[in-house]
Structures are given as C-alpha cells and as structure tokens.
Amino acid sequence: VATYSILIDCYCKLGKIEDALNMFDKMIENGISPDTIIYTIVLSGLCLANRTYDAQGLLDKMINSGCLPDSITYNAMLSGVCKTGGIDEVFGLLKSFQDQGYTLGIKSYSCIIYALFRVGRFEEANSWFRKLCEENITPDLKVYTIMIQGFTEAGKIKDAWTMVQEMTERGVVPDTQCYNALIRGFCEMGLLEDAQSLKREMSENNCFPDTCTYNHLIYGACRNGKVEEAKQIFEEMEKAGCFPSVITFNTLIDGLCKAGEFEEARLLFYKMEIGTNPSLFLHLSQCTDRALDRESLQNLIARLCDSGLYLKAYRILIKLTDNCVLPD
RNA sequence: GCGGGGGUCUGGGU
C-alpha cells in the first residue's frame, strides 16, 4: 500500500487525477485493501482537482468499507471545501465532522478562517482567530499569513499591521510567502513605495524575493499605470537571478498591451519563446550558422561529454541557465 | 526510520 501511496500521491500533485484514480482502482483489483492514508491521498487529490463532491463520496465510501478517517482525512476534506465551496457548506461539514468526534486544531482553524476571508466575512474570521487563541492553540506562521492576507485584501491595512506586530511580538518570523501576501496587498492598493520597501526589508531578514514577489510588484506597477517601472522590475528580477515564469511574462505582456506598447509586448513575447527554447537561444547568442534543434543540441552535449569535454558541455548549459533559458 | 492535511502570483466576449 505504501508504494501505491507514493505513486498515487505523485500523480495527484502533478494534477493527473485520472491516472491516480486508475491506479487506485488497479490496486484494489490486485487485492490490496486501501488504508486511511491512501484514502486521504486520493481524497485530497480530488479536492485539488476541484472535485470536492467526489471527494465527499469517497469519504462516505471509506467509512462504509470500515476504514476510519483520522484528523488528517477530515482536514483534507475541510480544506477542499474551504477553498472552493460556500461558507454554509463549510459549516455544515464542520458540524457533521464534529458529530463524528473531530476536534479542531490549528489547521482546521486556518481553513475556516481562510474560507471566511474568501467570502469577505472578515469580522467572523477575526473572531475565529481569537477563539483559536482562547483555546490555547499557538497561532503559527501560516494562520498569521492568512490573517494578514485576508485583511489586506479587504483593504484593512491597519488590521493587517496589527497582525504583523502581534506575530513578531510572539517571535514568529515571517517567511517569503508571508511577505509576498503583504506585498500583494500593498500593490493592489497602489502603495507601490511601501511594497518596494517591504521587499528591501525582507532581504534584510534573510528572506529572499522570489519569482512570486516580483510578479506581485510587476502586476502592481502595471495596474497603477507605471509600465516603465514594471519593465525595470522585470530587468532587476533577471539580474537578481530570479527566473521569470509564464505568469511573469503574461503579466507584463498584458500590462504593455493595455498601455498601448504593442511593440514592446511583441518583443517580450519573442523573448519568452526564446526562453523556453534552448536551441533557439544558442542560435541567436552565438550567431551560429545554423539553428540547432533540440535533438542536435542534445547530441552536441552528448558528444562533448563522450570526448571528455565535460567542462565545455557544462559551460554551454551554464550559459543557458544564466540567461534564464532552462535546458530540458 | 518509509506514504497523506492548512498560507502568496497573470490573462481569456461576465
């Protein structure tokens, strides 16, 4: 079962839920009976694929077959519904779980608070947060991040800051993701300066801006009519050795188009194509007489290695990655 | 000792 669990979990996380389900069926056909863990894996896979209804069906099936869900199973189900479902559904589910003996832990609270913020009920989110504290559960970095993000999205910058302060007073150290949530909020409100200074602050605290950080900043600049700034951030990002993702390109291309800079957008589009195609990149950068296709590039590398020129082969690969071109 | 649960990013006639 453990082996199947690893594989099925892998399929689920790659978004290949159908393959996961097939393998699950096959496993049962082979006479291996599923345990709580593997049920939980498939259940959370279904939730990830936005199939919470099927996930609930699986939960029922699991119980009917005499396999008892544990707190992790319940949490997985709860989180699925919290992310996509309506709030009534969340509380309905919660009630039925509690009737089955489920008690709330830090992760359950996180999910519920997340769900409340999602539908804009931040007052209630806040009171659930206080409830958590009263239960002598120590709030951790993730709940704080949810609170901070929730408040900033609701435009409640002050409340968000109160959370930041409370968090630091308690000795909880923010990570990149936590900063990102705040930066996002600032960007959405047009507080680009504050967002930038947060970015600087995070570097001082050993948290390094990642692709997502830059995406937020670029998005913020674009949405506030500062496309030039967005372009600068993009360049800075590359200099910092941070790989632009598809999202980065889309964000900036969209911003450029909306600002009427169609030519720039086109250039960026080419750059994006080059970035996903190592051979094309080499062709352009080395002015080789012929464009290598993927295969001949691979052959080239292989030949160099065969003849002991590892260093040279390695250099080519490094050159690619240095220029944000990821070899396949 | 091995497998499962909570937080951050773009666009698409709404």
Side-chain angles (χ1 to χ4, degrees), chain A residues 1-13 20 24 27 34-48 55 58-59 62 67 69-83 97 102 104-115 117-118 132 137 139-150 152-153 163 167 172 174-188 195 198 202 207 209-220 222-223 230 237 242 244-258 265 269 272:
Chain A
V1 214
T3 314
Y4 274 105
S5 305
I6 297 169
L7 285 167
I8 291 176
D9 186 44
C10 217
Y11 275 132
C12 288
K13 299 209 162 116
F24 186 59
M27 183 193 86
D35 63 3
T36 306
I37 294 184
I38 199 158
Y39 267 121
T40 308
I41 292 173
V42 177
L43 188 144
S44 64
L46 284 167
C47 288
L48 198 69
L58 189 70
L59 184 60
M62 169 180 183
C67 189
D70 60 12
S71 63
I72 299 183
T73 318
Y74 286 124
N75 282 340
M77 190 65 243
L78 187 63
S79 118
V81 172
C82 282
K83 273 188 225 155
F97 285 177
Y102 170 72
L104 301 185
I106 178 71
K107 295 183 182 179
S108 340
Y109 277 101
S110 304
C111 292
I112 297 163
I113 293 171
Y114 183 86
F117 273 123
R118 220 172 47 92
L132 172 166
I137 299 173
D140 63 5
L141 179 58
K142 290 190 181 182
V143 220
Y144 275 120
T145 308
I146 295 171
M147 294 301 292
I148 291 167
Q149 188 206 340
T152 46
E153 269 177 6
M163 278 296 149
M167 182 177 87
V172 177
D175 63 358
T176 300
Q177 220 177 135
C178 184
Y179 274 110
N180 285 352
L182 249 184
I183 289 176
R184 168 75 183 183
F186 281 170
C187 284
E188 272 184 353
L198 260 181
M202 72 193 279
C207 268
D210 60 5
T211 304
C212 205
T213 315
Y214 287 107
N215 288 351
H216 291 318
L217 292 169
I218 291 172
Y219 182 75
C222 288
R223 297 245 337 205
M237 168 178 196
C242 211
S245 64
V246 196
I247 295 182
T248 318
F249 279 106
N250 286 349
T251 309
L252 192 50
I253 289 175
D254 181 56
L256 287 166
C257 284
K258 286 188 176 146
F269 180 69
M272 184 177 173

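Within every chain, numbering begins at 1; the chains are lettered A, B, ... in the order of the sequence lines, protein sequences first and strands thereafter. For the numbers below, each heavy atom of this structure counts, side chains included, while hydrogens, waters and symmetry mates do not.
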(request) Would you name the heavy atoms of A/Pro69 and A/Thr36 that are closest together and state the gap between them? (result) CA-CG2, 4.2 Å

(message) Distance criterion of 3.5 Å, no angle test: do you see the side chain of A/Thr36 paired donor-to-acceptor with the base of B/G4?
(response) no

(message) What's the closest nucleotide to the side chain of A/Arg184 if the choices are B/G4, B/U8, B/G6?
(response) B/U8

(message) Rounded to whole Å, how long is the line connecting atom CG of A/Asp35 with atom C1' of B/G3?
(response) 9 Å

(request) May I ask you to verify whether the side chain of A/Asp254 and the base of B/G12 hold a donor-acceptor pair under 3.5 Å? (result) no

(request) Using atom CD1 of A/Ile183 as one end and atom C1' of B/U10 as the other, report the distance to the nearest whole Å. (result) 17 Å

(request) Round to a whole Å and report the spacing from CG of A/Leu182 to P of B/U8. (result) 14 Å

(request) Measure from CD on A/Glu153 to P on B/U8 and round the result to the nearest Å. (result) 9 Å

(request) For A/Ile106, report the nucleic acid contact type (base, sugar-phosphate, nothing); a contact means any heavy atom under 4.0 Å. (result) base

(message) On the side chain of A/Asn250, is there an atom forming a donor-acceptor pair with the base of B/G12 - under 3.5 Å, no angle test?
(response) no

(message) Mind checking if A/Cys82 touches a base, just sugar-phosphate, or nothing, with heavy atoms under 4.0 Å?
(response) nothing

(request) Compare the minimum distances between each of B/G11, B/U8, B/G4 and the side chain of A/Thr40, then state the nucleotide with the smallest one. (result) B/G4

(message) Is there a side-chain contact between A/Lys83 and the phosphate of B/G7, meaning an N or O under 4.0 Å from OP1 or OP2?
(response) yes

(request) Classify the side chain of A/Asn180 versus the base of B/G7 as yes if they form a donor-acceptor pair under 3.5 Å and no if they do not. (result) no

(request) Using only heavy-atom distances, determine whether the side chains of A/Asn180 and A/Asn215 contain a donor-acceptor pair under 3.5 Å. (result) no

(request) With heavy atoms under 4.0 Å as the rule, sort A/Ile146 into base, sugar-phosphate or nothing. (result) sugar-phosphate

(message) Using the side-chain heavy atoms of A/Lys258, tell me which of these nucleotides is nearest: B/G12, B/G7, B/G3.
(response) B/G12

(message) Determine whether a donor-acceptor pair (one donor, one acceptor, N or O, separation below 3.5 Å) exists between the side chain of A/Ser79 and the base of B/G6.
(response) no

(request) Quickly work out the A/Phe24 CZ to B/G3 P distance and round it to whole Å. (result) 19 Å

(request) Return the minimal non-hydrogen interatomic distance between A/Leu252 and A/Cys222, and the atom names on each side. (result) CD1-SG, 4.1 Å

(request) Please work out if A/Tyr114 contacts a base, only the sugar-phosphate, or nothing of the nucleic acid, heavy-atom cut-off 4.0 Å. (result) sugar-phosphate

(request) Please work out if A/Asp70 contacts a base, only the sugar-phosphate, or nothing of the nucleic acid, heavy-atom cut-off 4.0 Å. (result) base

(message) At 4.0 Å (heavy atoms only), tell me whether A/Ile41 reaches a base, stays on the sugar-phosphate, or touches nothing.
(response) sugar-phosphate

(request) Could you check A/Ser5, A/Ser44, A/Cys67 and say which one makes a side-chain contact (heavy atoms from CB on, under 4.5 Å) with A/Tyr39? (result) A/Cys67

(message) Heavy atoms only, 4.0 Å cut-off, all strands: where does A/Ser245 land among base, sugar-phosphate and nothing?
(response) nothing

(request) Would you mind classifying the nucleic acid contact of A/Val246 as base, sugar-phosphate or nothing, using non-hydrogen atoms under 4.0 angstrom? (result) nothing

(request) Go through B/G4, B/U8, B/G6 for me and flag the one nearest to the A/Lys142 side chain. (result) B/G6

(message) Using side-chain heavy atoms (C-beta onward) and a distance below 4.5 Å, is A/Ile113 in contact with A/Met147?
(response) yes

(request) Looking only at side-chain atoms of A/Ile247, point me to the closest of B/U10, B/G3, B/G7. (result) B/U10

(request) State whether the distance check finds a donor on one side and an acceptor on the other, under 3.5 Å, for side chain A/Gln177 versus base B/G7. (result) yes

(request) Provide, to the nearest angstrom, the distance between the CG atom belonging to A/Asp210 and the P atom belonging to B/G7. (result) 16 Å

(message) Is it true that A/Thr251 and A/Asp254 share a donor-acceptor pair across their side chains at a distance under 3.5 Å?
(response) no

(message) Treating A/Arg118 as the side-chain partner and A/Lys83 as the backbone partner, does any N or O pair qualify as donor plus acceptor under 3.5 Å?
(response) yes

(request) Using a 4.0 Å heavy-atom cut-off across all strands, classify A/Ser110 as base, sugar-phosphate, or nothing. (result) base

(request) Mind calculating the distance between OH (A/Tyr144) and P (B/U8) to the nearest angstrom? (result) 18 Å

(request) Would you mind reading off the distance between A/Asn215 atom CG and B/G11 atom C1', rounded to a whole angstrom? (result) 13 Å

(request) Could you check which of B/C9, B/G12, B/U8 has an atom nearest any side-chain atom of A/Gln149? (result) B/U8

(request) Kindly point out which of B/G6, B/G4, B/U10 is positioned nearest to the side chain of A/Thr251? (result) B/U10

